[in-house]
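In what follows, a single structure is set out as structure tokens and then discussed.
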2 protein chains.
Amino acid sequence: MADGDERAEGVSTTRKSFEILELLRDTDGATLAEIREATGLAKSTVYRHLKTLYDMRYVVDDDGVYRLSLKFLQLSEPPRIREEAYLVAKQKVIELAQETRERALFLVEERFDGVYVHRAGGQNPLHSDTMIGVRRPLHALAAGKAILSEWSDERVDEYVRETGLPRLTETTITERDVLFGELAEIRERGFALNEGEHMEGLRSAGVSVYNERGDPIGAFSVFGPTGRVTKEDLETTYPRLLEEKAQELKIDLTYD
Amino acid sequence: MADGDERAEGVSTTRKSFEILELLRDTDGATLAEIREATGLAKSTVYRHLKTLYDMRYVVDDDGVYRLSLKFLQLSEPPRIREEAYLVAKQKVIELAQETRERALFLVEERFDGVYVHRAGGQNPLHSDTMIGVRRPLHALAAGKAILSEWSDERVDEYVRETGLPRLTETTITERDVLFGELAEIRERGFALNEGEHMEGLRSAGVSVYNERGDPIGAFSVFGPTGRVTKEDLETTYPRLLEEKAQELKIDLTYD
DNA sequence: CCGGTCGGTTTCGGATCGTCGAACCACGAG
DNA sequence: CTCGTGGTTCGACGATCCGAAACCGACCGG
């Protein structure tokens with residue numbers, strides 16, 4: 001499938017429907033008038049799209065305000081459990097969070113984006129699952145850099161070309177050569193570190209995760225605020241634990 | 001929003017796109033030829049839809065076979081964590097599973113369907129999350145009956161009229177009057193039971209869950225095979241535990 | 001009781017754009 | 001080299017999507 005121009009190509013009707021769906025997501029529900037306002041579409045057009053989505057049960061009508069329905073779970077769960085490894089990873093992430101008392105996650109790459117597939121930990125349950133599905137640039141995450149370190153130079157170059165290494169904080173890696181140096185170092189020592197490159201005041205460690213055939217499938221990471229996570233944790237305790245969990249996962253997959 | 005005729009109304013283009021998406025889900029990935037075959041659409045039509053969905057990042061191209069992408073997580077998570085209560089419920093479900101060593105779930109009603117929002121437990125991690133998003137008839141589930149027991153007679157009648165109380169097993173409730181009797185009993189004793197009405201050989205107990213304002217928002221249930229779950233468990237131990245967790249949830253919501 | 005508002009719904013004509021079929025291209029197998 | 005397969009482009013036709021306007025019903029305030 002060619003990438004081509006992503007602006008006008010394809011079926012614009014489908015784009016309109018998804019534009020509405022994404023709007024409902026971002027506003028956490030909206031009325032017909034609000035949707036019409038935000039999209040600039042005619043009332044009857046919005047109505048027809050909404051009615052279609054409602055009939056298909058992808059949208060619910062909460063007394064005049066339309067919201068996304070739980071039916072999207074039926075489209076999101078299959079990709080999330082496609083690989084048996086993803087399922088086992090969930091358990092490991094929970095364990096990582098419990099054993100470190102910090103937050104842990106399992107990250108996967110999709111179309112050059114880092115996607116949070118599982119997440120656990122954090123004192124407040126409110127924030128514990130709040131980030132699932134979020135997409136972040138790989139080069140600004142410990143787990144993301146671990147994933148990149150598995151790639152060929154050509155592929156990493158393509159990543160650099162495609163994304164342009166956007167800056168998120170003061171310390172984000174934005175130079176191709178710096179990135180390549182970092183990746184070499186990661187390959188050397190076996191794990192990745194992150195000191196506020198994604199978010200000010202947050203440090204993390206990450207390792208690659210492999211399936212039973214040894215193919216890299218994603219990465220684990222543990223992260224916490226600079227004040228609470230010591231240098232010792234970051235450079236010794238966490239990497240060791242992360243590698244242990246990655247190893248376990250591979251073993252679980254092999255003998256099951 | 002009126003229900004109307006759900007066949008031809010609305011935007012058929014959007015329907016086609018979702019038909020393709022649901023096909024990709026059900027087949028766990030398909031080639032262009034397979035989609036064309038299954039839908040009866042012209043090759044170029046399928047191509048255009050696919051290209052649009054690909055451009056929007058809802059579909060990935062796995063070397064000729066197209067699959068749903070993880071981007072659907074961005075549409076499924078918001079509804080899943082809309083209510084703070086849903087998030088707290090997740091934790092309680094995990095605890096229920098750990099404390100009973102059986103499977104536990106949190107069920108919510110949407111458009112007369114029971115939807116599995118959280119699920120935990122089961123020795124095999126493979127099956128532990130496998131059912132999230134699944135939709136089942138309320139009258140055949142313990143948690144579902146608990147939900148129905150909160151409704152007005154009119155609303156239950158509407159449910160009966162709408163669904164026709166389909167039979168799933170020998171013991172499924174299929175008569176309006178039997179259902180009403182059962183619901184009265186549930187209101188009486190405070191919890192619902194299920195003896196193979198959903199699936200042969202499975203028994204379960206369920207209770208309603210309320211938010212901090214006392215509105216019913218869903219139900220917990222614990223379930224296991226008849227051989228392992230004793231009558232004592234079902235009628236005393238589990239109900240007590242379930243009610244305890246429901247109570248805790250309400251308290252957590254109030255004082256947070 | 002009445003007028004105004006707002007959301008939902010229907011109608012209709014016109015133009016857009018989605019659809020189809022055919023042809024073209026790239027590639028790999030035989 | 002040729003066939004077959006899957007992906008892609010092209011062009012013409014016409015279905016259908018779009019927008020504007022009007023209608024309905026409910027609610028609210030005066």
Side-chain angles (χ1 to χ4, degrees), chain A residues 1-24 27-69 111 154, chain B residues 1-24 27-69 111 154-155 158:
Chain A
M1 171 127 331
D3 271 349
D5 185 1
E6 301 189 2
R7 263 143 279 275
E9 306 254 325
V11 263
S12 63
T13 308
T14 298
R15 284 184 197 278
K16 289 196 187 93
S17 279
F18 272 96
E19 188 184 349
I20 292 173
L21 290 171
E22 290 173 3
L23 181 73
L24 293 182
T27 59
D28 194 37
T31 65
L32 199 150
E34 287 165 351
I35 298 169
R36 192 183 52 71
E37 172 72 19
T39 59
L41 297 168
K43 187 162 77 153
S44 60
T45 304
V46 175
Y47 172 74
R48 212 146 1 85
H49 278 268
L50 232 30
K51 173 153 176 59
T52 306
L53 293 167
Y54 179 85
D55 284 350
M56 292 192 300
R57 303 228 140 53
Y58 284 104
V59 158
V60 295
D61 174 2
D62 192 353
D63 198 31
V65 5
Y66 299 94
R67 300 182 194 284
L68 299 182
S69 88
R111 299 265 222 122
E154 293 73 42
Chain B
M1 173 129 328
D3 273 347
D5 185 358
E6 301 190 5
R7 264 145 278 276
E9 307 253 326
V11 262
S12 64
T13 308
T14 298
R15 284 184 198 277
K16 288 191 189 105
S17 278
F18 272 96
E19 187 185 349
I20 291 174
L21 289 171
E22 289 173 2
L23 181 73
L24 293 183
T27 59
D28 193 39
T31 65
L32 198 152
E34 286 165 353
I35 298 169
R36 192 184 53 72
E37 172 73 19
T39 59
L41 296 169
K43 187 162 72 153
S44 57
T45 303
V46 175
Y47 173 75
R48 247 151 72 76
H49 277 269
L50 233 30
K51 175 154 177 52
T52 306
L53 294 167
Y54 179 86
D55 284 350
M56 293 191 301
R57 302 237 146 40
Y58 284 106
V59 159
V60 294
D61 175 1
D62 192 355
D63 199 33
V65 4
Y66 299 94
R67 301 182 193 283
L68 300 181
S69 87
R111 300 265 220 120
E154 294 73 42
R155 184 118 187 264
E158 201 185 334

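FYI, side chains are in, hydrogens and waters are out, and symmetry mates aren't considered; it's all heavy atoms of this structure. Since the structure is predicted, the reported quantities are computational estimates derived from the model, not experimental observations. Residue numbering restarts at 1 for every chain, and letters A, B, ... go by the order of the sequence lines.
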- Nucleotide of dT19(C), dG8(C), dG7(C) approaching T45(B) most closely (side-chain heavy atoms): dT19(C)

- Short side-chain N/O contact to dT8(D) OP1/OP2 from Y47(B), under 4.0 Å: yes

- Query: Just wondering, do I35(B) and L41(B) contact through their side chains at under 4.5 Å, heavy atoms?
  - Reply: no

- H49(B) side-chain N/O to dT19(C) phosphate OP1/OP2 under 4.0 Å: yes

- Message: In this structure, how many angstroms lie between the C1' atom of dG7(C) and the OH atom of Y54(A), rounded?
- Response: 15 Å

- Ignoring backbone atoms, establish whether S12(A) has a side-chain N or O less than 4.0 Å from OP1 or OP2 of dG18(C). yes

- Task: Round to the nearest Å and state the distance from E34(B) atom CD to dG7(D) atom C1'.
- Result: 15 Å

- Message: Between V65(B) and T13(A), which residue's closest nucleotide on DNA chain D lies nearer the 5′ terminus?
- Response: V65(B)

- Message: In this structure, how many angstroms lie between the P atom of dG8(C) and the CG atom of D62(A), rounded?
- Response: 12 Å

- Item | Toward the 5' end of DNA chain C, by each residue's nearest nucleotide, A33(A) or K16(B) | A33(A)

- Trace of the side-chain contact (heavy atoms from CB on, under 4.5 Å) decision for K16(A) with I20(A): CA-CA 6 Å; K16(A) 289 196 187 93; I20(A) 292 173; 5.6 Å; no

- Distance, rounded to the nearest Å, where D61(A) contributes CG and dG8(C) contributes P: 6 Å

- Do the side chains of E19(A) and T39(A) get nearer than 4.5 Å, heavy atoms only? yes

- Query: Do F18(B) and F18(A) pass the ring pair (Phe, Tyr, Trp, His ring centres under 6.0 Å) test, and can you show the C-alpha distance, the side-chain angles, and the key distance before you say yes or no?
  - Reply: CA-CA 11 Å; F18(B) 272 96; F18(A) 272 96; 5.5 Å; yes

- Atom pair distance, as rounded to whole Å: CG in L50(A) and P in dC17(D): 15 Å

- Message: In this structure, how many angstroms lie between the P atom of dC27(C) and the CG atom of L32(B), rounded?
- Response: 18 Å

- Query: Any side-chain N or O of Y66(B) under 4.0 Å from OP1/OP2 of dG7(D)?
  - Reply: yes

- Message: Heavy atoms from C-beta onward define the side chain here; which of dC17(D), dT19(C), dG19(D) lies closest to that of L41(A)?
- Response: dG19(D)

- Task: Heavy atoms only: give me the nearest L21(A)-L68(A) pair and the separation to one decimal.
- Result: O-CD2, 3.5 Å

- When you measure from the side chain of T31(A), which nucleotide among dC17(C), dG7(C), dG7(D) comes out closest? dG7(C)

- Task: State whether R48(A) places a side-chain N or O below 4.0 Å from either non-bridging phosphate oxygen (OP1 or OP2) of dC17(D).
- Result: no

- Message: Within the 4.5 Å heavy-atom criterion, are T52(A) and M56(A) side-chain neighbours or not?
- Response: yes

- Query: So do T13(B) and H49(B) actually touch side chain to side chain, heavy atoms under 4.5 Å?
  - Reply: yes

- Note on the structure: Rounded to whole Å, the CZ-P distance (R36(A) to dT9(C)) equals 16 Å

Produce the list of close N/O pairs, under 3.5 Å, pairing protein atoms with atoms of nucleotides 20-24 of chain D; give distances to one decimal.
residue, atom, partner, partner atom, Å
dA20(D), N6, S44(A), OG, 3.1

- Output field: ring centroids Y58(B)/Y66(B) closer than 6.0 Å: no

- Mind calculating the distance between NZ (K51(B)) and C1' (dT8(D)) to the nearest angstrom? 10 Å

